[in-house]
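Encoded as structure tokens, the structure appears first; notes follow it.
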Amino acid sequence: MMTSSQPTTVLETSSQSSTKQLTHKLLLVNGVNLNLLGKREPDIYGHATLADIEKRLIARAAQHDIELICIQSNHEGQLVDDIQHHGLLADATAQVDAIIINPAAFTHTSVALRDALLATQKPFIEVHLSNVHAREPFRHHSYLSDVAVGVICGLGQMGYQMALDYWLNNLYSINLSD
């Protein structure tokens, strides 16, 4: 369990490292059509709704005194605005420490999301419910993967939990084996 004192850590991005006070906030970003989870192509994306996934992740983060902020939009510009809002446009004490993003179809098209994520100067993990490499060729390219800390794909909703657990363990030094 985390104490009330907030540790200082070194967060490294692909271009720089800096010492920052952790805010104990993570951002979960979900892109286009993910509001249809549980209804849209459940044979590919599963039966869990986005609300189900978010509820489970929020509870897991809260067990460790971490606030998980969840956003979803079908509009690229809205996602860029929201990422900026929780990144450089926020006061230092309100900025998120790291990001989990399932950009969905924006993965293959959005330089704008890439630029917004890089502008936060926060590390992020890219998550996909399906194995994008076993699908149509246009889904094989990501504008985010090369600047992400990691990419998790093809493991369904478990991929989100794996990304959250990575941040809990590696960013906040929480031992999850207890």
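On a predicted model such as this, the values are computed, not experimentally measured, just so you know.
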Working note: Thr23 + Gln95, criterion side chain to side chain donor-acceptor pair (under 3.5 Å); need CA distance, chi angles, decisive distance, verdict.
CA-CA 7 Å; Thr23 62; Gln95 290 181 9; over 6 Å; no
Given Asn175 and Ser177, is the side chain to side chain donor-acceptor pair (under 3.5 Å) satisfied, shown in steps?
CA-CA 6 Å; Asn175 182 354; Ser177 62; 2.6 Å; yes
How many angstroms lie between CG in Leu171 and NZ in Lys122, if you round to the nearest 0.5 Å?
9.5 Å
Please determine whether residues Val132 and Leu36 belong to a single hydrophobic cluster, defined as Ile, Leu, Val, Met, Phe, Trp and Tyr linked transitively by side-chain heavy-atom distances below 4.5 Å.
no
Rounded to the nearest 0.5 angstrom, the CD1-CD distance for Ile53 and Gln72 is 11.5 Å
Could you check if a side-chain atom of His24 sits within less than 4.5 angstrom of a side-chain atom of Asp65, using non-hydrogen atoms only?
no
Can you get from Phe106 to Tyr143 by hopping between Ile, Leu, Val, Met, Phe, Trp and Tyr side chains that sit under 4.5 Å apart?
no
Tell me the closest heavy-atom pair linking Tyr160 and Asn30, and the distance in Å.
OH-OD1, 2.5 Å
How long is the span from the CD atom in Gln84 to the CG atom in Asp81, to the nearest 0.5 Å?
6.0 Å
Of all heavy-atom pairs between Ile152 and Met162, which one has the smallest distance, and what is that distance?
CD1-CB, 3.8 Å
Does some side-chain heavy atom of Lys25 sit less than 4.5 Å from a side-chain heavy atom of Ile66?
no
Does the side chain to side chain contact (heavy atoms under 4.5 Å, CB included) test come out yes or no for Leu27 and Asp82, once each step is laid out?
CA-CA 10 Å; Leu27 181 63; Asp82 289 344; over 6 Å; no
Which atoms form the tightest heavy-atom contact between Gly31 and Asn74, and what is the distance?
O-OD1, 4.3 Å
Does the Asn170 side chain pair with the main chain of Tyr166, one donor and one acceptor, at a distance under 3.5 Å?
yes
Give me the atom names and distance for the closest heavy-atom approach of Thr120 to Gly87.
CG2-CA, 4.1 Å
Check whether any side-chain heavy atom of Leu117 lies under 4.5 Å from a side-chain heavy atom of Leu144, and answer yes or no.
yes
Here the gap from Asp115 atom CG to Ile83 atom CD1, rounded to the nearest 0.5 Å, amounts to 11.0 Å
What one should report as the nearest heavy-atom pair of Val151 and Ala148 is CG2-CB, 4.5 Å
So if you build clusters from Ile, Leu, Val, Met, Phe, Trp, Tyr with side-chain heavy-atom gaps below 4.5 Å, do Leu118 and Leu89 land together?
no
Gap separating the CG atom of Leu68 from the CD1 atom of Ile58, nearest 0.5 angstrom:
5.5 Å
Go through the steps to decide whether Tyr45 and Asn33 satisfy the test side chain to side chain donor-acceptor pair (under 3.5 Å), and finish with yes or no.
CA-CA 11 Å; Tyr45 300 110; Asn33 293 319; over 6 Å; no
Heavy atoms of Pro103 and Thr107 approach each other most closely as CG-OG1, 3.0 Å
Should His64 and Tyr172 be marked as a ring pair (Phe, Tyr, Trp, His ring centres under 6.0 Å) after you check the CA-CA gap, both sets of side-chain angles, and the distance that decides it?
CA-CA 9 Å; His64 303 287; Tyr172 301 112; 9.5 Å; no
Does the side chain of Arg60 reach to within under 4.5 Å of the side chain of Leu176, using non-hydrogen atoms?
yes
Identify whether Leu88 and Ile99 are in the same connected component of the hydrophobic contact network (ILVMFWY, side-chain heavy atoms under 4.5 Å).
no
Going from CG on Leu28 to CD1 on Ile125, what distance comes out if it is rounded to the nearest 0.5 angstrom?
11.5 Å
Any side-chain heavy-atom pair of Ser142 and Glu126 under 4.5 Å:
yes
